[in-house]
There are 2 protein chains.
Amino acid sequence: MENSEKDMNAEEQPRAIPAPTLRRLPGYLQLLKSRGYAPGSTVSCTVIAQALGLQSIQVRKDLAYTGITGRPKTGYVALELIKAIEDFLGWNNTHDALLFGVGQLGRALLSYNGFRAQGLDIVAGVDCDNAVQRLDVHGKKVIPLSKASSLIRRLHIKIAVITVPASSAQAVCDMAVAAGVKAVWNFAPVQLNVPEGIIVQNENLAASLAVLSKKLNLSLKAS
Amino acid sequence: MENSEKDMNAEEQPRAIPAPTLRRLPGYLQLLKSRGYAPGSTVSCTVIAQALGLQSIQVRKDLAYTGITGRPKTGYVALELIKAIEDFLGWNNTHDALLFGVGQLGRALLSYNGFRAQGLDIVAGVDCDNAVQRLDVHGKKVIPLSKASSLIRRLHIKIAVITVPASSAQAVCDMAVAAGVKAVWNFAPVQLNVPEGIIVQNENLAASLAVLSKKLNLSLKAS
DNA sequence: TAGATTGTTAATCGATTAACAATC
DNA sequence: TAGATTGTTAATCGATTAACAATC
């Protein structure tokens with residue numbers, strides 16, 4: 001009785017997937033794809049783990065989340081595994097995205113073609129600079145900020161990529177969310193405040209750099 | 001007796017710092033700096049935690065790693081705290097770095113000025129393309145691959161930033177390590193193999209995207 | 001003094017790793 | 001069959017959160 005909510009949609013709401021698992025899955029995918037497996041050929045957790053410097057049990061646990069089942073002794077059918085990971089991550093049905101802030105980083109992301117294989121299609125850039133608006137970046141239009149809302153609505157865009165300076169990130173985010181965006185991939189070094197239910201994924205170079213420089217300094221001091 | 005090694009340099013080798021803590025410290029720093037505290041004015045964990053959406057106890061624990069001590073009731077002296085974090089991360093003594101691969105992303109990183117405040121000074125770019133070599137990116141020279149080794153040796157460069165395509169990342173990494181680099185900030189989507197003691201920090205957009213797209217798909221399905 | 005906040009020790013939580021039966 | 005590998009249950013490890021004494 002007390003957990004009737006949970007019971008009701010037990011199948012819809014499986015145990016939550018650990019973020020570390022989600023973060024490792026693309027690595028498996030990339031490895032598998034790069035190996036060009038023939039249809040029917042198999043691959044074991046041991047092999048994957050060794051190639052990526054992980055524990056095989058960890059790979060096995062991670063793969064289990066995608067719902068794939070392997071066979072004792074032989075492992076997983078490689079092409080099935082690739083499909084299972086892609087389906088699980090939702091990378092087989094692409095979402096359109098709009099990128100805000102066509103500076104150096106914005107241009108780099110606009111012209112990177114790899115995202116489409118990862119479920120993300122950045123359809124256009126947005127910038128308030130007139131000069132920038134005249135650019136086409138890798139065939140992608142750059143539109144003025146004033147036209148962003150209506151484009152989001154018209155194309156039912158669900159993802160905003162934010163590469164504006166820190167000072168304007170919150171305003172841009174608010175605008176995008178108001179227009180209907182459900183997820184924000186944030187490259188600006190600020191904490192964005194969003195309404196309940198809106199997803200924010202921060203890309204935090206400073207955090208990585210902190211880990212790198214601390215380790216390096218410890219290592220240099222030790223020697 | 002059995003742990004004599006540990007005892008000998010007990011002060012040199014404090015408990016290891018959790019990576020999650022290291023990754024949060026830059027966020028505190030950025031917040032504190034943005035607030036322009038007057039000398040002597042204080043700030044409490046509660047305030048920091050609230051601004052960043054964290055638990056105050058977590059902030060307190062994180063700050064303790066930097067060695068700073070606060071005062072009950074008042075908190076930490078803000079400017080002391082800023083200095084403590086910067087010193088702890090080593091962001092007060094900058095390391096020179098060399099960036100390999102002056103494509104869109106490489107150019108974006110080369111022209112970003114913020115890294116210097118984070119202990120990283122990218123002194124030049126390296127690219128094998130003749131046309132690219134003629135570019136100066138934001139006043140930074142782009143040198144041919146053949147000159148990279150000697151530059152690393154001459155300037156005692158310890159950090160390589162790798163933004164080359166996946167297919168050449170390992171070769172570039174090997175070369176940089178052979179020339180004396182101790183840490184690699186890797187933006188290429190490959191697992192780099194390095195000798196014992198060399199630090200690799202992977203910047204993994206695909207991993208972030210996996211978290212984002214899974215959350216978004218779950219959220220869209222739910223509604 | 002009273003109340004807020006630190007610093008520290010203990011409890012909880014979640015992820016990783018280990019163990020092992022099942023099985024192809 | 002024998003051996004390798006999966007899938008699952010249990011143990012360990014580490015990070016987060018809670019509790020609380022110390023103190024300004």
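Proteins come first, then strands; the chains are lettered A, B, ... in the order of their sequence lines, and each starts at number 1. Quantities reported herein were computed from a predicted structural model and do not represent experimental measurements. All values below were derived from every heavy atom in this structure, side-chain atoms included, with hydrogens, water molecules and symmetry-related copies excluded.
Between the NZ atom of Lys61(B) and the C1' atom of dT17(D) there is a distance of 8 Å, given to the nearest Å. For the pair Tyr65(B) OH and dG7(C) P, the interatomic distance rounds to 14 Å; values are reported in whole Å. Rounded to whole Å, the distance from CD on Glu80(B) to P on dT6(C) is 14 Å. Distance Gln58(B) CD to dG14(D) P: 18 Å, rounded to the nearest Å. The NZ atom of Lys73(B) sits 15 Å away from the C1' atom of dA22(D) (whole-angstrom rounding). Atom CD1 in Ile57(B) sits about 15 Å away from atom P in dA11(C), given to the nearest Å. Atom CZ of Arg71(A) and atom P of dT23(C) are 14 Å apart (whole Å). Rounded to a whole Å, the CG atom of Asp62(B) is 10 Å from the C1' atom of dA15(D).
Distance from the side chain of Pro72(A) is smallest for dA22(C) among the nucleotides dG7(C), dA22(C), dT16(D).
No hydrogens or angles considered: a donor-acceptor pair under 3.5 Å links the side chains of Thr21(A) and Asp62(A). Counting only N and O atoms by type, the side chains of His95(A) and Asn217(B) include a donor and acceptor under 3.5 Å apart.
Within 4.0 Å (heavy atoms only), Ser56(B) reaches no atom of the nucleic acid at all. Nucleic acid contact class of Thr21(A) (heavy atoms, under 4.0 Å, all strands): none.
Of the listed residues (Val43(A), Val59(A), Thr66(A), Leu81(A)), just one forms a side-chain contact (heavy atoms from CB on, under 4.5 Å) with Tyr28(A), and that residue is Val59(A).
Here Arg60(A) does not reach the OP1 or OP2 of dA18(C): none of its side-chain N or O atoms lies under 4.0 Å away. Residue Tyr76(A) has no polar side-chain atom (N or O) positioned under 4.0 Å from OP1 or OP2 of dC24(C). Put simply, Gln55(A) has no side-chain N or O that comes within less than 4.0 Å of OP1 or OP2 on dT16(C).
More than 12 heavy atoms of other residues, nucleotides or ligands lie within 6.0 Å of NZ in Lys158(A), so this atom counts as buried by the packing criterion.
Secondary structure note: stems in DNA chain D built from 3 or more consecutive Watson-Crick or G-U wobble pairs under 3.5 Å occupy C:3-24 with D:3-24.
Distance check: Cys45(B) SG to Lys61(B) NZ gives 11.5 Å after rounding to the nearest 0.5 Å.
Trp185(A) has its ring centre less than 6.0 Å from the ring centre of Phe115(A).
With hydrogens and angles disregarded, a donor-acceptor distance shorter than 3.5 Å links the side chain of Trp91(A) to the backbone of Gln118(A).
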